[in-house]
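Sequence positions, counted from 1, serve as the residue numbers for this chain.
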Amino acid sequence: MGLRGETILSGLVMILCLSLHSQAQLQEGFYNDKCPLAETIVREEVVKAVSKNVGLAAGLIRLFFHDCFVGGCEGSVMIDSTPLNTAEKDSPINNPSLRGFEIIDSAKARLEAKCKGVVSCADILAFAARDGVALTGGFGYNVPAGRRDGRVSLLSETFKHLPPPFFNVDQLTQSFANKGFTQEEMVTLSGAHTLGRSHCSSFSNRLYNFSATSATDPSLDPAYAEQLKQQCPKESTDASLVVPMDPRTPNFFDSSYYSNILRNRGLFTSDQTLISNPTTASYVRRNAFLGFVFRKKFADAMVKMGNMGVLTGTNGEIRLNCRVIN
């Protein structure tokens, strides 16, 4: 092979070993000995919050997605801005729409009192997102843990990594592929839109300013478009106006998101575009009619997403306050 070939092979083996070592650091029951009540405490805080405002379940799932897609699942989305740095949470992509921060804060305060400096903010968010799914009718799943918290949060990174609501199917496919997801997994994770709400500004272009030849997006069901126009008036200056992502069952984790798309009632361009491609359309139809399959695949995709860009071992830190680096 020669010295150069052996050196290259050795380097590849080292990279592989480091990657596998990082994955091995995440394990189910990670806190069983270090902080046995960790997941229970997080679940109690999620239950308490969701019982008062069921929409916060969707907020936690979205918070987890926006954390993982920007720099990995290392809790950077929870860091507050400072006079010298504008953090991810204050990006116009995230503010004012991201919610659920207070749930993480409450769980963290209890965990610090019980097991100081042990449970990371990144793991709390991963647990909380899982509980948000389970409490609204999705499948619960085991969350491998052992993540550590990042020390950097930059507004600029959100624009590079988070797919916007106007992406078409090819752009979505590439965005998710960049993070290691298949097209099927992209369609599955999009199903998180079966829960929650959207500000009118995220889709108003489909109602009033779609193209030079059509003010309203022709792919949008006309009756649904009229309903949305009533909820989001053209002349309104109220930035707080919101509508449910899934008007049929907005607070239940089911497959009606996909049924809506088949009826041309996907709220975002990035939702409706999923039937513009034969392959993704087949996944939409399957998920619409086989809700059990969708729930199972969504749980698997959430576990996979939770492995993205994690910090383990001695990398990162265990933040004592999720909003501030140590």
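Take Phe268 and apply the ring-ring contact (aromatic ring centres under 6.0 Å, His included) test, not counting sequence neighbours, and it matches His193.
Glu185 places a side-chain N or O within donor-acceptor distance of the main-chain N or O of Thr182, the cut-off being under 3.5 Å. In this structure, the side chain of Arg147 engages the main chain of Gly306 through a donor-acceptor pair within 3.5 Å.
Note that CG of Asn32 is 8.5 Å distant from CD of Gln27, once rounded to the nearest 0.5 Å. Interatomic distance, CD of Glu235 versus OH of Tyr208, reported as 8.5 Å (0.5 Å rounding). In this structure, Ser190 OG and Ile261 CD1 are separated by 7.5 Å, a value rounded to the nearest 0.5 Å.
One side chain, Asp254 or Thr249, offers a donor N or O that lies under 3.5 Å from an acceptor on the other. Checked by atom type, the side-chain pair Thr86/Ser81 shows no donor-acceptor distance below 3.5 Å. When only modelled atom types and interatomic distance are considered, Glu88 and Ser76 share a side-chain donor-acceptor pair under 3.5 Å. Side-chain contact, Asn178 with Gln174: a donor N or O sits under 3.5 Å from an acceptor N or O.
At least one side-chain heavy atom of Ile103 sits under 4.5 Å from a side-chain heavy atom of Leu56. Put simply, the side chain of Thr216 does not reach to within 4.5 Å of the side chain of Phe210, judged on heavy atoms. By the 4.5 Å heavy-atom criterion applied to side chains, Ser219 and Arg206 are counted as neighbours.
In terms of heavy atoms, Ser120 sits closest to Ile318 at CB-CD1, 3.8 Å. The two atoms that bring Cys232 and Phe203 nearest to each other are SG-CZ, 3.6 Å, heavy atoms only. Across Cys121 and Lys108, no two heavy atoms sit closer than the pair SG-CE, 4.0 Å. The heavy-atom pair separating Gly100 from Leu63 by the smallest distance is C-CD2, 4.2 Å.
Few gaps surround CG on Asn326; more than 12 heavy atoms of other groups in view lie less than 6.0 Å from it.
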Checklist entry - Checking side chain to side chain donor-acceptor pair (under 3.5 Å) for the pair Thr173/Gln183: CA distance, chi angles, key distance, verdict? => result CA-CA 6 Å; Thr173 298; Gln183 198 170 51; 2.9 Å; yes

Checklist entry - Please walk me through it: do Tyr283 and Tyr258 pass ring pair (Phe, Tyr, Trp, His ring centres under 6.0 Å)? => result CA-CA 9 Å; Tyr283 299 138; Tyr258 299 102; over 10 Å; no

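Within the structure, ring pair (Phe, Tyr, Trp, His ring centres under 6.0 Å) contacts touching residues 48-74 (residues at least two apart or in different chains) are Phe65-Phe69, Phe69-Phe176.
Cation-pi geometry between Lys296 and Phe139 is not met: the NZ or CZ atom fails to fall both under 6.0 Å from the ring centre and inside 45° of the normal.
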